[in-house]
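Please read all numbers here as calculations on a predicted model, not as lab measurements.
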Amino acid sequence: QVELVESGGGSVQAGGSLRLSCTISRYTYSSACMGWFRQVPGKEREGVAAIYTDDDSTYYADSVKGRYTISRDNAKNTVYLQMNSLKPEDTAMYYCAASRPKYGSSCYFQLMDELDMTYWGQGTQVTVSS
């Protein structure tokens, strides 16, 4: 059973930074789209950032471009989300997700639709105060 475990959430003031980590275990496929999604109560879960493990191509939602950076450490089986210049509207539960690539060598469409991701972590809360 594939397992994803997130950490690094917390509370921060607007303009601050946080780094989320997601460690994946028992994922046996050679390639993956790994991504971060977020959800606030009453709204759909939205894709924030994704990375394609074959070539480390990255993808971002327009709302976080220039502020968030997704990266990974293959040796540690860990994906990171560095979040800078945080805004109150970034407050959400953040989820790590993983899946085999379903659209060739791009993770863009899987970032746009949570239903295209197979494995999920339990979530970590990020709260940004003004």
What residues, two or more places apart in sequence or in another chain, satisfy salt bridge (charged side-chain N to carboxylate O under 4.0 Å, His left out) together with Lys65? Asp62

Listed partners of Tyr108 passing ring pair (Phe, Tyr, Trp, His ring centres under 6.0 Å), at least two apart: none

Can you find a pair of side-chain heavy atoms, one from Leu20 and one from Thr124, that are under 4.5 Å apart? yes

Working to the nearest 0.5 angstrom, can you tell me the gap between Thr28 OG1 and Arg100 CZ? 8.5 Å

Residues two or more places apart in sequence or in another chain: which of them pass side chain to side chain donor-acceptor pair (under 3.5 Å) with Thr91? none

Salt bridge (charged side-chain N to carboxylate O under 4.0 Å, His left out) filter on Asp56, not counting sequence neighbours, yields Arg72

So which pairs with a foot in residues 33-90 pass ring pair (Phe, Tyr, Trp, His ring centres under 6.0 Å), sequence neighbours left out? Phe37-Trp120

Quick one: pull up CD in Gln125 and CD in Glu6 and give me the separation to the nearest 0.5 Å. 12.0 Å

Please give me the minimum heavy-atom distance between Thr118 and Ser99, naming the atom from each residue. OG1-OG, 3.3 Å

When you look at NZ of Lys102, are more than 12 heavy atoms from neighbouring residues, nucleotides or ligands closer to it than 6.0 Å? yes

Partner residues of Arg45 under the side chain to side chain donor-acceptor pair (under 3.5 Å) criterion, sequence neighbours left out: Glu114

Just so I know, are the side chains of Ser17 and Met83 near enough to count as touching, which here means a heavy-atom distance under 4.5 Å? no

Which pairs with one or both residues in residues 84-104 pass ring pair (Phe, Tyr, Trp, His ring centres under 6.0 Å), sequence neighbours excluded? Tyr103-Phe109

Please name all residues satisfying side chain to side chain contact (heavy atoms under 4.5 Å, CB included) with Glu46, sequence neighbours left out, ordered by chain then number. Arg38

Can you list everything that forms a side chain to side chain donor-acceptor pair (under 3.5 Å) with Arg67? Sequence neighbours excluded, please. Asp90

Would you say that Gln82 contacts Asn84 through its side chain, given a criterion of any heavy-atom pair below 4.5 Å between the two side chains? yes

Which pairs count as disulfide bond (SG atoms under 2.5 Å apart) when at least one residue sits in residues 73-113, sequence neighbours excluded? Cys22-Cys96, Cys33-Cys107

Between Lys87 (side chain) and Gly15 (backbone), is there a donor-acceptor pair under 3.5 Å? no

For Ala92 and Val40, which heavy atoms make the closest approach, and how far apart are they? CB-CG1, 3.6 Å

Thr23: what forms a side chain to side chain donor-acceptor pair (under 3.5 Å) with it, not counting sequence neighbours? Thr78

Are Gln39 and Glu44 close enough that some pair of their side-chain heavy atoms sits under 4.5 Å apart? no

Note: Val79 and Ile51 closest approach over all heavy atoms is CG1-CG2, 4.4 Å

Could you tell me if the side chain of Tyr119 sits less than 4.5 Å from the side chain of Met34, heavy atoms only? no

Could you tell me whether a side-chain N or O of Gln110 sits under 3.5 Å from a main-chain N or O of Asp116, the two making a donor and an acceptor? yes

Where Ala49 and Leu81 come nearest, the two heavy atoms and their spacing: CB-CD1, 4.0 Å

Between Ala14 and Ser130 the two heavy atoms that sit nearest each other are CB-CA, 4.3 Å

Partners meeting salt bridge (charged side-chain N to carboxylate O under 4.0 Å, His left out) with Glu89 (sequence neighbours left out): none

Interatomic distance, Asp54 atom CG to Ser105 atom OG [nearest 0.5 angstrom]: 8.5 Å

Side-chain heavy atoms under 4.5 angstrom apart, residues restricted to Ile, Leu, Val, Met, Phe, Trp, Tyr: same cluster for Met117 and Ile24? no

